[in-house]
Amino acid sequence: VVSGSGELREVVISPDVVDPDDIEMLQDLVVAAVGEALRQSEALRNQALGGATAGINLDQFSVTGNIQLNTANGGNASVTSARPINFDGSTVGGNLSVTTPGNISQTGTAFTVAGNTTLSGAVINLGATSNDFKGTVGFTGSNVTLRDDTNGLALSGSSATGNVSIQALGMTQTGALSIIGTTALNAGTGNIVLGDATNSFTGPVTLSVKSSATLAAKTALVFDTSTVDGNLTVDSISVDQVLNKLLSVNGDADIDVTAT
């Protein structure tokens with residue numbers, strides 16, 4: 001018996017194969033048995049290590065149809081393509097990185113990503129209802145739509161030259177957001193906590209949240225029709241709202257304006 005680390009733990013010799021007059025044959029049998037045990041031990045070890053580190057790395061990928069990526073045990077997936085990318089559901093056990101000059105979309109079949117997600121494309125539309133982004137999500141694109149009805153969404157540093165629409169069970173951030181177009185944030189029963197003072201929201205912002213919302217920016221904030229059922233905290237250089245559009249706060253409102 002050989003352990004996974006290659007240590008010989010036990011040798012069992014059947015009395016039926018022992019011939020006192022042929023010790024050489026016994027020696028050959030022991031060598032063969034030990035060799036086979038070591039081979040099986042190495043195969044099992046490689047299988048276990050391979051499952052833990054197996055990943056997908058396609059840096060010149062061109063597919064005209066749909067793409068599905070599946071890894072397990074922490075395996076990462078990275079795809080770079082000169083063509084638009086349309087996902088037909090994927091389950092990634094580690095991090096996901098997608099890069100294309102074209103659009104990034106999905107058929108409606110849900111995404112599940114255990115690690116962090118990085119998206120770089122033109123129009124990014126991952127709006128399926130059952131998406132589950134367990135790690136952070138960062139994007140670089142024009143118009144961006146993200147949805148995660150399973151968990152809250154943690155946004156890493158991201159930028160968009162167009163409009164952004166995000167729906168999740170709560171939102172937080174680990175890096176600054178820079179959005180040129182409109183921003184629509186729907187947090188359901190979760191909280192919105194986007195308090196990075198270096199955020200930049202050039203277009204109007206719409207909030208829909210049944211709990212509380214915190215929003216900070218280095219730019220002027222302009223609110224479109226918004227409803228916050230809890231408290232609203234805002235920190236910006238200027239705060240305004242679109243003409244004839246209601247900003248409704250059912251809790252307390254703390255609006256702080258800091259001079260540039």
Side-chain angles (χ1 to χ4, degrees), residues 55 57 59 69 74 76-81 85 87 90 92 94-106 111-127 131-148 150-187 190-207 209 212-222 233-238 256 258 260:
N57 187 13
D59 59 2
L69 305 175
N76 300 326
S78 177
V79 174
T80 300
S81 176
I85 294 177
F87 287 100
S90 292
V92 179
N95 300 328
L96 171 66
S97 175
V98 181
T99 303
T100 174
N103 298 336
I104 300 173
S105 58
Q106 64 185 136
F111 254 111
T112 298
V113 182
N116 299 328
T117 300
T118 304
L119 307 168
S120 179
V123 174
I124 299 172
N125 188 351
L126 299 181
N131 288 337
D132 185 3
F133 299 101
K134 299 180 185 298
T136 61
V137 177
F139 56 81
T140 302
S142 55
N143 295 329
V144 177
T145 299
L146 297 175
R147 186 167 182 174
D148 184 341
T150 306
N151 294 297
L153 203 59
L155 299 169
S156 58
S158 300
S159 64
T161 58
N163 303 326
V164 170
S165 175
I166 300 175
Q167 181 171 338
L169 298 179
M171 297 170 206
T172 59
Q173 66 182 134
T174 62
L177 306 177
S178 177
I179 300 172
I180 302 300
T182 62
T183 302
L185 306 174
N186 184 338
N191 296 311
I192 295 175
V193 184
L194 302 179
D196 191 322
T198 61
N199 289 333
S200 175
F201 301 100
T202 305
V205 176
T206 299
L207 302 178
V209 54
S212 296
T214 297
L215 198 62
K218 65 181 181 180
T219 53
L221 280 173
V222 179
T233 302
V234 177
D235 189 351
S236 176
I237 63 170
S238 174
D256 295 326
T258 304
T260 57

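Quick note: residue numbers are just sequence positions, from 1.
Separating the CD1 atom in Ile192 from the CG atom in Leu207 is a distance of 5.0 Å, to the nearest 0.5 Å. If you take CG on Asp256 and OG1 on Thr233, they are separated by 8.0 Å, rounding to the nearest 0.5 Å. Between Asn163 atom CG and Thr183 atom OG1 the span is 8.0 Å, to the nearest 0.5 Å. The distance from the CD1 atom of Ile179 to the CG atom of Asn143 is 11.0 Å, given to the nearest 0.5 Å. Distance check, rounded to the nearest 0.5 Å: OG1 of Thr172 to CG of Leu194 gives 7.5 Å. The line from OG1 of Thr145 to CD1 of Ile166 is 9.0 Å long, rounded to the nearest 0.5 Å.
The minimum heavy-atom distance linking Gln173 with Asp196 is given by the pair OE1-N, 3.1 Å. Between Val113 and Gly94 the shortest heavy-atom distance is CG1-O, 3.6 Å. Closest non-hydrogen pair, Leu69 versus Leu96, comes out as CD1-CD1, 4.0 Å. Nearest heavy-atom pair, Asn95 versus Asn76, reported as atom, atom and distance to 0.1 Å: N-OD1, 2.7 Å. Of all heavy-atom pairs spanning Asn131 and Asp148, the tightest one is O-OD1, 2.8 Å. Closest of all the heavy-atom pairs between Leu177 and Ser156 is CD2-O, 3.9 Å.
No donor-acceptor distance shorter than 3.5 angstrom exists from the side chain of Ser200 to the backbone of Thr219, with no hydrogens or angles considered. A distance-only check finds a donor-acceptor pair linking the side chain of Ser142 to the backbone of Ala122 [under 3.5 Å].
Side-chain contact, Ser105 with Asn125: no donor N or O sits under 3.5 Å from an acceptor N or O. Remark: the Thr80 side chain and the Asp59 side chain contain no N/O donor-acceptor pair separated by less than 3.5 Å.
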>> Determine whether Leu153 and Val137 satisfy the following criterion, side chain to side chain contact (heavy atoms under 4.5 Å, CB included), listing intermediate values before the conclusion.
In response: CA-CA 7 Å; Leu153 203 59; Val137 177; 3.8 Å; yes
query: Could you walk me through whether Val164 and Phe139 pass the side chain to side chain contact (heavy atoms under 4.5 Å, CB included) check?
result: CA-CA 10 Å; Val164 170; Phe139 56 81; 4.2 Å; yes
key: Step-by-step side-chain hydrogen bond (donor to acceptor under 3.5 Å, both in side chains) determination, Asp132 to Thr112   = CA-CA 5 Å; Asp132 185 3; Thr112 298; 5.0 Å; no
Stepwise, does the side chain to side chain contact (heavy atoms under 4.5 Å, CB included) test hold for Ile104 with Phe87?
CA-CA 8 Å; Ile104 300 173; Phe87 287 100; 4.1 Å; yes
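Among Val98, Thr117, Leu119, the single residue meeting the side-chain contact (heavy atoms from CB on, under 4.5 Å) criterion with Leu126 is Leu119.
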